[in-house]
Amino acid sequence: MITVTRTVIVFPQMRIVPVSLAALALLAAGCAGSGAGKGQRSVVAAFYPLAFAAAVVGGSKVHVENLTPPGAEPHDVELTPRAVGRLQGADVVLYLSHDFQPAVQDAVEGANGRRVDALAGLDLKHGAGEDAGKTDPHVWLDPVLFSKIVERIGTALGRPARAAALARRLRALDREYRSGLRRCARRDFVTSHAAFGYLAGRYGLHQIPITGIDPEAEPSPRRLQQLIDLVRREHVTTVFFERLVSPRLAETVDPIEGLTPSEEQQGADYFSLMRRNLIQLEAALGCR
């Protein structure tokens with residue numbers, strides 16, 4: 001008999017439901033505010049991970065605006081004419097291509113400042129089956145890949161030393177994940193959608209998504225039955241859901257696409273959410 005309980009992990013946007021099914025959740029809230037002050041460069045970031053990196057790397061030399069409000073689902077963000085104007089007038093624009101945020105990608109075409117596509121130059125994963133032809137954009141959940149993005153942001157902002165310092169923190173986080181997930185009773189985990197491919201690949205885990213790369217896709221009855229059979233057969237203990245999509249679940253592993261308003265008030269950031277996710281993963285996979 002499967003007992004369903006609720007737990008949440010924060011991943012830049014998921015929830016875990018232990019099966020015991022627990023919920024996963026991760027980052028994505030951002031830095032917004034008034035215009036750049038004297039001597040500051042204006043930076044517009046598409047969503048939380050990029051806004052976080054720009055704020056840490058740029059420090060007092062930049063003013064960072066996150067286009068995705070706290071608690072919003074980044075894939076669904078729509079831009080007001082005023083937001084489009086700020087984006088196109090910014091000194092630096094940080095975004096993800098491959099239709100991660102279509103409204104942002106369209107507006108970037110008219111940007112006057114420096115454009116930094118965070119996915120450019122990375123070895124990207126591509127979907128299969130229902131996701132054929134789609135690119136998985138969730139690179140920030142792999143601290144090693146995110147460190148490469150951070151270094152490019154440092155170049156764009158003229159702050160390479162600060163970028164190198166943040167990249168070192170990300171590589172230290174990678175070591176924490178390698179250590180924490182080295183000896184686990186299980187390597188499989190079920191997710192609400194296919195957001196954890198890069199993280200799973202980095203640490204030798206196997207992601208089993210209920211739906212594909214699109215977080216709003218609905219699973220077929222056949223797919224749900226296959227997952228039920230798998231959970232019973234493999235004794236899977238946890239299913240991860242996006243907290244920004246299903247906020248009612250109390251505990252999640254987050255794909256860290258944004259922060260909730262309460263997380264923002266509590267001072268949560270990319271590192272605290274990633275470490276919370278690690279704790280949840282260790283518990284769900286029986287790591288020691």
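Model, not experiment: these values are computed from the prediction.
Here the closest non-hydrogen pair linking L173 and P143 is CD2-CG, 3.9 Å. Considering all non-hydrogen atoms of both residues, A194 and D136 come closest at O-OD2, 3.9 Å. Smallest separation of non-hydrogen atoms from A54 and I153: CA-CG2, 4.2 Å. Here the shortest heavy-atom pairing between V92 and R41 reads CG2-NH2, 3.7 Å. Minimum interatomic distance between D117 and R152 (heavy atoms only, all atoms of both residues): O-NH1, 2.8 Å. The shortest heavy-atom contact between S97 and L119 is O-CD1, 3.7 Å.
No more than 12 heavy atoms of other residues, nucleotides or ligands sit less than 6.0 Å from atom CG of D123.
For Q88 (side chain) and A111 (main-chain N/O), no donor-acceptor pair under 3.5 Å exists by modelled atom type. Formation of a donor-acceptor pair under 3.5 Å by the T68 side chain with backbone atoms of A46 is found in this model. Side-chain N or O atoms of Y198 include none that pairs as donor or acceptor with a backbone N or O of P137 at under 3.5 Å.
We find that E282 and R276 are not joined by a salt bridge, their nearest charged nitrogen and carboxylate oxygen being 4.0 Å or further apart.
Residue Y203 holds its OH atom at 7.0 Å from OH of Y177, rounded to the nearest 0.5 Å. How far CG of L124 is from NZ of K134: 16.0 Å, rounded to the nearest 0.5 Å. Here L67 contributes atom CG and Q101 contributes atom CD; the two are 7.5 Å apart, rounded to the nearest 0.5 Å. Rounding to the nearest 0.5 Å places CG of L199 at 9.0 Å from CD of Q207. Taking CD of Q266 as the reference point, atom OG1 of T260 lies at 7.0 Å (rounded to 0.5 Å). Atom-to-atom distance recorded for R202:CZ and L181:CG is 13.0 Å, nearest 0.5 angstrom.
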Applying side-chain contact (heavy atoms from CB on, under 4.5 Å), run through V44 and L94 and close with a yes or a no. CA-CA 6 Å; V44 169; L94 308 176; over 6 Å; no
Tell me, with the steps shown, if E151 and R171 meet salt bridge (charged side-chain N to carboxylate O under 4.0 Å, His left out). CA-CA 12 Å; E151 289 168 348; R171 288 191 288 271; 3.7 Å; yes
Step by step, would you call L170 with Y270 a side-chain contact (heavy atoms from CB on, under 4.5 Å)? CA-CA 10 Å; L170 288 165; Y270 174 88; 3.5 Å; yes
Apply side-chain contact (heavy atoms from CB on, under 4.5 Å) to the pair R82 and R86, showing each step before the final yes or no. CA-CA 6 Å; R82 181 173 295 181; R86 291 196 300 272; 3.1 Å; yes
For V56 and D269, what are the C-alpha separation, side-chain angles and deciding distance, and is it a side-chain contact (heavy atoms from CB on, under 4.5 Å)? CA-CA 11 Å; V56 173; D269 66 8; over 6 Å; no
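For residues 97-152, no residue pair satisfies the disulfide (SG to SG under 2.5 Å) rule, not counting sequence neighbours. Counting only residues at least two apart or in different chains, disulfide (SG to SG under 2.5 Å) contacts with residues 147-185 comprise C184-C287. Within the structure, the salt bridge (Lys or Arg N to Asp or Glu O under 4.0 Å) test picks out the following pairs touching residues 175-199 (sequence neighbours left out): D174-R178, E176-R275. The disulfide (SG to SG under 2.5 Å) pairs that include a residue from residues 98-177 number zero, where partners must be two or more places apart or lie in different chains. Annotation: salt bridge (Lys or Arg N to Asp or Glu O under 4.0 Å) contacts involving residues 87-111, sequence neighbours excluded, are absent. Within the structure, disulfide (SG to SG under 2.5 Å) contacts touching residues 90-152 (residues at least two apart or in different chains) do not occur.
Using cut-offs of 30° and 60° for the angle between ring planes, the F189 and F196 rings count as perpendicular. Using cut-offs of 30° and 60° on the angle between ring planes, the pair F271 and F52 is perpendicular.
When side chains are defined from C-beta on, T191 does not count as touching I210, because their heavy atoms never get closer than 4.5 Å. The side-chain heavy atoms of L157 and K61, taken from C-beta on, include no pair separated by under 4.5 Å.
Residues T135 and H126 have side chains that bring a donor and an acceptor to within less than 3.5 angstrom of each other. A donor and an acceptor atom, one from each side chain of S272 and E263, are nowhere located under 3.5 Å apart.
In this structure, F47 has its ring center under 6.0 Å from that of F100.
Each of I149 and V144 belongs to its own hydrophobic cluster when Ile, Leu, Val, Met, Phe, Trp and Tyr are linked at side-chain heavy-atom distances under 4.5 angstrom.
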